[in-house]
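Numbering of residues begins at 1 and proceeds along the displayed sequence. Quantities reported herein were computed from a predicted structural model and do not represent experimental measurements. Worth knowing before you read on, the calculation uses all heavy atoms, side chains too, and leaves out hydrogens, waters and symmetry mates.
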Amino acid sequence: MIAIADAPVKTYLSKSKIPGFDYVINPYIGCPHKCVYCYAEYMRKFTGHSEEWGDFLDVKTCDAPLKPAKLFHTRVMLSSVTDPYNPYEKQYEQTRNMLKQLEYCQAYVYILTKSALVLRDIDLLKKMPKAEVAISFSSTDERFRELAEAGASNIAERINALKTLHENGIKTAVMAAPLLPAISDWKSIIEATRPYADRYGFDSLNMRPAYQKKVMAFIGTHYPDLLSLYADIYLKEQTSYWTKLEQEITQYCQAQNIPAEVYFSRSKPFV
């Protein structure tokens, strides 16, 4: 059971700390996708919730509309610490409301999601020539999705969403992230999505202290043979795995003429 509450705010806009973006809009606080590796779990300590991350959702409410003049030709991201198309968006339509307002701002709008619900808003996205939708994949293995991303759309639904967006003339991207060592098959992500993606981004699994124990427990339960590798990477802080993987991804994408950026331990913008 997800605990739902209203969260009054003065504005939906936040100044972006993400390179390449001017503003971020997070229509919700929390995310019921319950991804075991969610980097945003640190947000829980600011909410006052006793529920675990993934078991509550605060719906932001604000009487002040977005100001088109302020956002004219800016770069806006939806979202950074929640999925703008979590399952409750179907009921509350917070993200759709944001898009209706952003349509008139001539802003570059970048949407990052794991949800096929984004297809609901194709009518608005087709009116926004600067909009881009990035679908996130850590794996194309449905068993992994069921274990690690229980509340997110399944893999087939995400691929279909990417395909449908592409066929409707909307700029698309694949964010292959986070890549989990020896679990995420990045080539299979490319193979499954290449006809429908304009570009790719790749990022590594980074473990904050807030969820490191959770992830290591997950690996120990479901992938026990990988525990020593994860201990080397995350406890002993060995970097050779990511160095080698970055080289492999870069060389492959260059050879295949695939537009791609690798962000391991970097803060380069995906713009």
Side-chain angles (χ1 to χ4, degrees), residues 2 27-28 31-40 54 57 78-79 82-93 95-96 99 109-126 131-205 215 218-219 221-223 226 249 252-253 256 258-260 270:
I2 302 293
Y28 303 91
C31 183
H33 282 173
K34 296 180 74 70
C35 300
V36 70
Y37 51 73
C38 183
Y39 65 86
L57 185 72
L78 282 159
S79 298
T82 188
D83 193 310
Y85 287 100
N86 72 74
Y88 291 88
E89 165 64 16
K90 188 172 183 179
Q91 174 181 353
Y92 293 102
E93 297 193 350
T95 298
R96 184 169 177 83
L99 292 179
V109 179
Y110 174 80
I111 297 170
L112 178 62
T113 182
K114 282 183 169 68
S115 176
L117 182 57
V118 66
L119 293 180
R120 180 202 61 190
D121 293 338
I122 277 185
D123 61 323
L124 298 177
L125 294 170
K126 290 174 75 171
E132 179 180 23
V133 179
I135 305 292
S136 176
F137 295 84
S138 287
S139 174
T140 55
D141 180 0
E142 183 60 19
R143 176 180 176 272
F144 171 84
R145 199 280 308 172
E146 291 174 350
L147 294 172
E149 307 167 346
S153 293
N154 66 45
I155 303 303
E157 289 171 338
R158 284 185 233 176
I159 293 172
N160 179 66
L162 194 73
K163 178 177 184 288
T164 304
L165 291 164
H166 179 76
E167 290 174 345
N168 277 271
I170 296 162
K171 187 176 180 181
T172 56
V174 166
M175 180 57 78
L179 296 179
L180 282 73
I183 296 175
S184 299
D185 184 345
W186 57 272
K187 281 188 181 179
S188 75
I189 295 173
I190 293 176
E191 290 167 358
T193 60
R194 185 68 190 102
Y196 322 120
D198 296 310
R199 63 188 185 126
Y200 287 79
F202 299 86
D203 206 354
S204 56
L205 171 66
V215 175
F218 173 84
I219 297 300
T221 299
H222 300 290
Y223 303 91
L226 298 180
I249 293 173
Y252 179 86
C253 289
Q256 299 295 323
I258 297 172
F270 189 51

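The side-chain hydrogen bond (donor to acceptor under 3.5 Å, both in side chains) check on Glu146 picks up nothing, with sequence neighbours excluded. Ser153 pairs by the side-chain contact (heavy atoms from CB on, under 4.5 Å) definition with Ser115, Ala116, Glu157, Arg158, not counting sequence neighbours. Glu191 meets the salt bridge (Lys or Arg N to Asp or Glu O under 4.0 Å) test with no other residue; sequence neighbours excluded. With sequence neighbours left out, Lys126 forms a side-chain contact (heavy atoms from CB on, under 4.5 Å) with Ile122, Asn168, Ile170. Shown here are the side-chain contact (heavy atoms from CB on, under 4.5 Å) partners of Pro178, two or more places apart in sequence or in another chain: Tyr37, Ser138, Leu180, Leu205. Remark: Glu93 pairs with no residue by the side-chain hydrogen bond (donor to acceptor under 3.5 Å, both in side chains) rule, at least two apart or across chains. For Asn160, the side-chain contact (heavy atoms from CB on, under 4.5 Å) partners are Leu119, Thr164, not counting sequence neighbours. Thr193 is linked by a side-chain hydrogen bond (donor to acceptor under 3.5 Å, both in side chains) to Tyr200, counting only residues two or more places apart in sequence or in another chain. Shown here are the salt bridge (Lys or Arg N to Asp or Glu O under 4.0 Å) partners of Lys187, two or more places apart in sequence or in another chain: there are none.
To the nearest 0.5 Å, the span separating CG on Leu112 from OG on Ser79 amounts to 8.5 Å. Between the CD1 atom in Ile183 and the CD1 atom in Ile219 there is a gap of 3.5 Å [rounded to 0.5 Å]. Atoms CD1 and CD, from Ile111 and Glu132 in turn, are 9.5 Å apart once rounded to the nearest 0.5 Å. Once rounded to the nearest 0.5 Å, the distance linking CG of Leu179 with CZ of Phe202 reads 7.5 Å. The CD1 atom of Ile189 lies 6.5 Å from the OG1 atom of Thr140; values are rounded to the nearest 0.5 Å.
Residue pairs meeting the ring-ring contact (aromatic ring centres under 6.0 Å, His included) criterion with at least one member in residues 152-186, sequence neighbours excluded, are Trp186-Tyr252. Note on residues 133-163: no pairs pass ring-ring contact (aromatic ring centres under 6.0 Å, His included), not counting sequence neighbours. For the salt bridge (Lys or Arg N to Asp or Glu O under 4.0 Å) condition, the pairs that include at least one residue of residues 112-124, sequence neighbours left out, are Glu89-Arg120, Arg96-Asp121, Arg96-Asp123.
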message: Applying side chain to side chain contact (heavy atoms under 4.5 Å, CB included) to Thr113 and Ile135, what does each step give before you reach the verdict?
response: CA-CA 5 Å; Thr113 182; Ile135 305 292; 3.8 Å; yes

Step-by-step side chain to side chain contact (heavy atoms under 4.5 Å, CB included) determination, Leu147 to Val36: CA-CA 8 Å; Leu147 294 172; Val36 70; over 6 Å; no

message: Could you go through Ile2 and Tyr88, starting from their C-alpha distance and side-chain angles, then the distance that decides it, and tell me whether this counts as side chain to side chain contact (heavy atoms under 4.5 Å, CB included)?
response: CA-CA 10 Å; Ile2 302 293; Tyr88 291 88; 3.4 Å; yes

message: Using side chain to side chain contact (heavy atoms under 4.5 Å, CB included), reason through Cys253 and Ile190 one step at a time and then give a plain yes or no.
response: CA-CA 9 Å; Cys253 289; Ile190 293 176; 4.1 Å; yes

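Between the Arg194 side chain and the Ala197 main chain, a donor and an acceptor come within less than 3.5 Å of each other. At distances below 3.5 Å, not a single donor-acceptor pair connects side-chain atoms of Thr95 with backbone N or O atoms of Tyr85. With hydrogens and angles disregarded, no donor-acceptor distance shorter than 3.5 Å links the side chain of Glu149 to the backbone of His33. Side chain of Arg199 to backbone of Thr172: no donor-acceptor contact under 3.5 angstrom is found.
Considering all non-hydrogen atoms of both residues, Pro84 and Leu78 come closest at CG-O, 3.7 Å.
Using the six-membered ring where Trp is involved, Tyr223 and Phe218 have ring planes that are tilted, between 30° and 60° apart.
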